[in-house]
Amino acid sequence: LYSCKNSHIAYNYFMKIFSKYLFIILFLNGCSSEADLSFKANSLIVPDYKFSTYLIECNLKDNSNLLSLESFLSNLIKDKFYNDNKFILRAHFPKTSFVDQFILDIQNNSNEDIFPSLINDLSIQGFDRIASCNFNTNQLSGLSLFENIIDDKQLSIATEILNCGYINGSNYGDFKLAIDRFLNQMATLKISYKAVYLQDQNATNEFIWINNFYSDDYSNELTNFWINTNEAQEIKNEFLENSQCAKANIYNSYTIN
């Protein structure tokens with residue numbers, strides 16, 4: 001009887017200790033699950049891509065110049081192939097005194113693979129005699145984040161292209177909070193502006209951010225209306241917590257249509 005009583009006491013003591021540590025284990029697992037779910041939720045927030053883009057880096061050939069390129073592009077748009085809503089063709093020229101390089105921007109708004117046909121047609125039209133380009137480039141998924149164009153008659157626009165990367169384990173889901181704050185601020189300004197987000201699906205830790213300004217005086221407009229505000233500084237800090245970008249390359253850009 002004594003032995004049974006001691007066994008019973010020992011059993012009750014064991015169960016109390018077991019229950020205590022089982023509660024701790026379950027609590028820790030619960031916290032871990034919440035953290036994991038939070039991380040996974042952010043990872044699941046991805047851009048709703050609307051188009052694909054190729055950014056083709058080109059060099060003018062020795063016997064060519066901007067006038068010959070401009071003449072070629074002016075004749076090119078007379079072809080009905082380039083008056084198709086399936087794609088938009090743009091050219092970005094660096095804002096420098098001497099230009100011998102440019103970027104050909106091909107935005108595909110359809111699900112068709114128009115890239116091979118377009119490149120082949122450019123070659124047939126004689127583009128190879130004017131410029132040499134790196135057509136071996138990856139396709140980028142694209143999304144227009146914001147667009148407020150007051151003066152849509154402006155043919156030439158100022159374009160800033162930034163090559164960026166996520167830092168500190170961030171992803172688009174984390175970055176979107178800062179993006180939304182920024183776009184809400186831009187919506188309050190009377191500035192002709194468009195923001196584009198591009199990403200190579202083979203390099204999801206990197207992205208390209210493009211600012212398009214449809215005003216010759218965009219720098220002063222931003223300085224006078226926004227950059228020096230507290231909101232701008234806070235949003236800049238949020239951007240820096242999630243991403244790091246190289247210095248922006250600035251271009252004069254033209255849509256070929």
Parallel, tilted or perpendicular: rings of Phe239 and Trp209 (30°, 60°): perpendicular
Whether Ser74 side chain and Glu70 backbone form a donor-acceptor pair below 3.5 Å: yes
Exceeds 12 heavy-atom contacts within 6.0 angstrom, atom CG of Asn120: yes
Under 3.5 Å donor-acceptor, Asn171 side chain and Asp174 backbone: yes
Non-neighbouring partners of Asp113 that pass side chain to side chain contact (heavy atoms under 4.5 Å, CB included), sequence neighbours left out: Phe115, Pro116
CD (Gln201) with more than 12 external heavy atoms under 6.0 Å: yes
Contact summary for Ala158 and Lys95, nearest pair of heavy atoms: CB-NZ, 4.1 Å
Cys133 SG to Asn59 CG distance, which is reported to the nearest 0.5 Å: 8.0 Å
Side chains of Cys164 and Glu206 in contact at under 4.5 Å (non-hydrogen atoms): no
Note, Ile106 side chain near Thr53 side chain (heavy atom, < 4.5 Å): no
Gap separating the OG atom of Ser141 from the CD atom of Gln199, nearest 0.5 angstrom: 7.5 Å
Value rounded to 0.5 Å, distance of OG in Ser68 from CG in Leu60: 6.5 Å
Ile235 side chain reached by Gln185 side chain, heavy atoms, under 4.5 Å: yes
Asp121: partners by side chain to side chain donor-acceptor pair (under 3.5 Å), with sequence neighbours left out: Tyr82
side-chain hydrogen bond (donor to acceptor under 3.5 Å, both in side chains) between Asn212 and Thr159, worked out: CA-CA 5 Å; Asn212 292 316; Thr159 298; 2.9 Å; yes
Contacts of Asn108 that satisfy side chain to side chain contact (heavy atoms under 4.5 Å, CB included) - sequence neighbours left out: Ser52, Ser110, Ile114
Set of residues satisfying side chain to side chain donor-acceptor pair (under 3.5 Å) with respect to Asn109, sequence neighbours excluded: Gln107
Apart from Val196 itself, residues in the same hydrophobic cluster as defined by side-chain heavy atoms under 4.5 Å: Phe51, Leu55, Ile103, Leu140, Ile161, Leu198, Ile208, Ile210, Tyr251
Residue pairs passing the salt bridge (Lys or Arg N to Asp or Glu O under 4.0 Å) test where at least one lies in residues 50-60, sequence neighbours excluded: Asp48-Lys50
Partner set under side chain to side chain donor-acceptor pair (under 3.5 Å) for Glu231, not counting sequence neighbours: none
Beyond-backbone contact of Leu122 with Leu76, side-chain heavy atoms, under 4.5 angstrom: yes
Enclosure of Asn237 CG (heavy-atom neighbours >12, cutoff 6.0 Å): yes
Cluster link Ile130 to Leu66, ILVMFWY, side chain under 4.5 Å: yes
Non-hydrogen side-chain atoms of Tyr197 and Tyr49 separated by less than 4.5 Å: yes
Smallest separation among heavy atoms of Cys58 and Leu104, with atom names: SG-CB, 4.3 Å
Hphob cluster co-occupancy, Ile88 + Ile56, side-chain heavy atoms under 4.5 angstrom: no
Heavy-atom side-chain contact between Val99 and Asn252 under 4.5 Å: no
Set of side chain to side chain donor-acceptor pair (under 3.5 Å) partners for Lys176, sequence neighbours left out: Asp180
Criterion side-chain contact (heavy atoms from CB on, under 4.5 Å) on Phe93 and Leu69, from CA distance to verdict: CA-CA 11 Å; Phe93 300 98; Leu69 177 60; 3.4 Å; yes
Heavy-atom pair of closest approach, residues Ala246 and Leu162: O-CD2, 4.0 Å
4.5 Å side-chain heavy-atom contact, Asp105 and Tyr54: no
Option from Asn205, Asn138, Thr137 for which side-chain hydrogen bond (donor to acceptor under 3.5 Å, both in side chains) with Asp200 holds: Asn138
Spatial distance of atom CG (Leu145) from atom CG (Leu183) [nearest 0.5 Å]: 6.0 Å
Asn230 side, atom CG; Gln233 side, atom CD - distance, nearest 0.5 Å: 8.5 Å
hydrophobic_cluster_shared for Leu118 and Ile256, side chain cutoff 4.5 Å: yes
Other cluster members, Leu240 - Ile/Leu/Val/Met/Phe/Trp/Tyr, side-chain contacts below 4.5 Å: none
Non-neighbouring partners of Tyr166 that pass ring-ring contact (aromatic ring centres under 6.0 Å, His included), sequence neighbours left out: Phe175, Phe207
SG-CD distance between Cys245 and Glu160, expressed to the nearest 0.5 angstrom: 11.0 Å
Closest approach of Gly126 to Phe72 (non-hydrogen atoms, all atoms of both residues): C-CE1, 3.9 Å
Shared hydrophobic cluster for Phe213 and Ile250 (ILVMFWY, side-chain gaps under 4.5 Å): yes
Sub-4.5 Å side-chain heavy-atom contact between Arg90 and Ser253: no
Qualifying residues under salt bridge (charged side-chain N to carboxylate O under 4.0 Å, His left out), relative to Lys86, sequence neighbours excluded: Glu112
Nearest heavy atoms of Ile167 and Ser243, plus distance in Å: CG1-N, 3.7 Å
Within residues 235-251 or reaching into it, pairs that qualify as salt bridge (Lys or Arg N to Asp or Glu O under 4.0 Å) - sequence neighbours excluded: Arg181-Glu238
